[in-house]
Amino acid sequence: MSKKVRVRFAPSPTGGLHLGGMRTVLYNYLFAKKNGGDFIVRIEDTDQTRFVAGAEEYIFNCLEWAGLTPDESPLHGGAYGPYRQSERKPSYRQYAEQLIKDDYAYYAFDTPEDLEKMRQDFKTEQNPSPQYDHSIRMKMRNSLTLDDAEVKKLLNENVKHVVRIKMPTDETVSFTDIIRGEVNFDTNLVDDKVLLKADGMPTYHLAVVVDDYLMKITHAFRGEEWLSSAPVHVLLWKYLFGLENMPQWAHLPLILGPNGKLSKRDGAKYGFPVFAMNWLDAKTGELIEGFKEKGFLPEAFINLLALLGWNDGTDQEIFTKEELVEKFSMERVHSGGAKFDYEKAKWFNHEWIKRKEVRSMMSDIRLLLQEKGIVIENDIFLEKVIALVKDRCNLLTDFYEQSSFFFKSPEQYDLGAVKPKWNDAKQLFFAEVIRNFELSIDWKAHTLETNFKEIAAVNDLKPGELMLPLRIMLVGGKFGPGVFDIAEVLGKKETLSRITNGLNALTK
RNA sequence: GGCCCGUUCGUCUAAGGGUUAGGACACCACCCUUUCACGGUGGUGAUACGAGUUCGAAUCUCGUACGGGCUACCA
């Protein structure tokens with residue numbers, strides 16, 4: 001009987017959630033759902049100095065927007081809580097002490113100044129950043145160098161101390177990464193990482209192992225930046241819970257910006273968002289733009305994220321969430337980092353806008369237009385407008401410039417496109433069009449076009465020279481859907497009023 | 001500096017020893033469209049380099065170069 005699949009996303013609530021983080025969430029979610037497992041969100045808030053108010057709530061908002069709802073989390077509950085590491089504090093010390101008892105770890109009493117001195121003293125050209133490792137530890141103040149009585153005394157006096165792992169010498173730590181295959185590390189080159197900090201909080205290294213065990217995590221997926229510290233985690237599993245219980249690891253490749261690492265801070269300099277949703281940096285007061293507010297559909301967002309480093313082996317690129325769940329496999333995730341291409345991201349969104357039902361976008365677009373000061377009187381009209389312009393929009397926010405003229409008649413006309421060729425014959429033609437349209441019973445694009453062209457023929461005018469003027473009168477500029485489609489949606493009254501106004505502007 | 005990971009069109013990628021190295025975005029051309037888009041058709045464009053293994057290498061091995069990550073009492 002195989003264990004139920006349980007995976008976790010473990011962010012530290014220190015700021016906005018960027019593309020890489022969102023993709024880690026996605027892959028965790030897809031893997032869990034594909035295998036009938038649970039997707040857990042655990043908040044890694046063990047660094048009290050980096051706490052950022054609102055960051056946790058923000059993370060859950062992003063997940064909710066993207067449709068990646070956890071099965072267990074501080075917000076959604078679950079049987080393995082608490083899901084915030086700061087609330088799990090008591091259990092970590094016990095495991096750290098267990099390690100010390102088994103001679104896999106030790107107390108270290110070095111002050112920050114001692115550590116700084118060590119780094120200076122042992123710094124050489126060959127080794128610019130000396131580590132607290134097997135070659136150094138016997139020269140420091142810790143329970144390996146101090147005698148037992150002294151250690152006991154220091155502990156009794158509550159002298160500030162940490163617990164460090166005692167990395168073995170001359171061993172090779174190996175594990176199999178689902179994406180990368182076997183990875184090996186020489187333990188001589190790994191430092192004695194701090195497991196328990198002086199404030200009693202665990203570091204990530206201890207916490208991740210203990211909590212993954214306690215929460216029965218079967219597969220651990222995280223960013224590539226964790227690969228270097230994996231040997232520490234593997235060893236802790238071996239010492240504490242047994243390698244046979246260790247989750248299977250997969251280290252996801254990084255998502256890169258146009259020139260290297262995707263910086264969390266200023267997505268603005270790239271000209272595209274890096275966060276899932278708007279994030280207001282409380283310290284700087286700076287608002288960092290998100291994909292949601294930029295006008296991305298959640299369907300498109302997870303689709304493009306999924307394809308950044310994964311594909312199903314076919315040419316298919318557009319996937320619904322359900323299809324992704326069905327087809328996703330961690331083995332097919334690329335091992336190389338992927339440079340993010342905003343143009344392609346917009347293409348994904350365009351494809352989704354085209355596919356998506358008008359009605360399901362109505363409320364978002366209504367809100368968006370209202371924020372721009374557009375008054376929407378009735379939904380049937382809005383629905384027709386959206387249907388007419390949606391294929392021309394890459395972003396939801398494009399709906400404003402593509403459709404605003406439906407809601408307010410032109411205030412300015414692109415007269416340059418029309419006026420030079422304007423003459424009395426055209427003037428008379430449009431007067432006749434107004435009379436004809438006024439009598440029209442069947443206000444349909446096709447009928448209007450037929451009538452328009454018949455009048456042109458009778459007056460011996462070329463329709464081509466008349467349609468642009470009509471467009472300018474209705475729209476104001478040289479853009480938009482078919483001009484008679486516009487007239488149909490606008491309705492008789494509004495169309496005639498716009499032609500009349502346009503005519504006035506032209507003859508001025 | 002050390003360790004680890006990576007490297008196919010500009011970008012995302014397919015091809016797990018035998019293909020004219022395929023697709024998508026972007027770009028260009030043409031078509032459609034009496035607007036601008038959408039759309040359609042076609043085109044430019046890649047296996048980082050050097051050895052080796054093999055009848056045969058993008059694919060396996062080694063080296064070099066380049067890129068990235070880590071090298072905190074941060075995650």
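Chain naming here is simple, since letters A, B, ... match the order of the sequence lines and numbering starts at 1 in each. All figures in this text were calculated on a predicted structure; none of them were measured in a lab. Values below: every heavy atom of this structure, side chains too, minus hydrogens, waters and symmetry copies.
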Ion pair check, [X] and [Y], cut-off under 4.0 Å:
| X | Y | value |
| --- | --- | --- |
| A:E224 | A:R180 | yes |
| A:R50 | A:D47 | yes |
| A:R93 | A:E97 | yes |
| A:K356 | A:E299 | yes |

**Q.** Minimum-distance nucleotide to A:S228 side chain [options: B:rC70, B:rA75, B:rA72]
**A.** B:rC70
(Q) Closest approach to the side chain of A:K193, judged atom by atom: which nucleotide of B:rG69, B:rU71, B:rG23 is it? (A) B:rU71
If pairing requires Watson-Crick or G-U wobble contacts with both distances under 3.5 Å, which nucleotide is the partner of [N]?
| N | result |
| --- | --- |
| B:rG10 | B:rC25 |
| B:rC60 | B:rG52 |
| B:rU20 | none |
| B:rU47 | none |
| B:rU33 | none |
| B:rC70 | B:rG2 |

(Q) Given the structure, check if the side chain of A:S335 and the base of B:rG6 hold any donor-acceptor pair shorter than 3.5 Å. (A)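 Such a pair does not exist between side chain and base.
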Using only side-chain N and O atoms of [X], determine if any of them is under 4.0 Å from OP1 or OP2 of [N].
| X | N | result |
| --- | --- | --- |
| A:N127 | B:rG2 | no |
| A:T46 | B:rA75 | yes |
| A:K354 | B:rG39 | yes |
| A:K197 | B:rC74 | yes |
| A:R471 | B:rU33 | no |
| A:H334 | B:rA14 | yes |

Q) Residues two or more places apart in sequence or in another chain: which of them pass side-chain contact (heavy atoms from CB on, under 4.5 Å) with A:L466? A)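 Per chain and number, A:L466 pairs via side-chain contact (heavy atoms from CB on, under 4.5 Å) with A:K426, A:F429, A:F430, A:F452, A:A456, A:L461.
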Give me the distance, rounded to whole Å, that separates [N] from [M] when you measure between the [atom1] atoms they each carry.
| N | M | atom1 | answer |
| --- | --- | --- | --- |
| B:rA72 | B:rG16 | P | 42 Å |
| B:rG2 | B:rU64 | P | 11 Å |
| B:rA24 | B:rG43 | C1' | 16 Å |
| B:rC32 | B:rG39 | C1' | 8 Å |
| B:rU19 | B:rU71 | C1' | 45 Å |
| B:rA29 | B:rC12 | P | 26 Å |

Q: Using a 4.0 Å heavy-atom cut-off across all strands, classify A:V389 as base, sugar-phosphate, or nothing.
A: nothing
Q: Could you check whether A:F348 gets within reach of a base, just the sugar-phosphate, or nothing at all, counting any heavy atom under 4.0 Å?
A: nothing
Show me the side-chain donor-acceptor pairs of residues 475-487 of chain A shorter than 3.5 Å, one per line, residues at least two apart or across chains.
none

Q: Hey, can you tell me if A:F296 and A:Y342 have their rings parallel, tilted or perpendicular (30° and 60° cut-offs)?
A: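 Ring orientation of A:F296 relative to A:Y342: tilted.
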Q: Could you check if the base of B:rC30 is syn or anti? Syn means the glycosidic torsion is within 90 degrees of 0.
A: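 Anti conformation for B:rC30.
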Q | Members of residues 48-57 of chain A that approach RNA chain B, where some heavy atom sits under 4.0 Å away | A | A:R50
Q: Mind listing the closest non-hydrogen atom pair of A:E182 and A:S174 along with its distance?
A: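 Shortest heavy-atom separation between A:E182 and A:S174 comes out as OE2-OG, 4.2 Å.
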Q) How about A:Y204 and A:W226: are their ring centres within less than 6.0 Å of each other? A)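 Between A:W226 and A:Y204, which both carry aromatic rings, the centre distance is below 6.0 Å.
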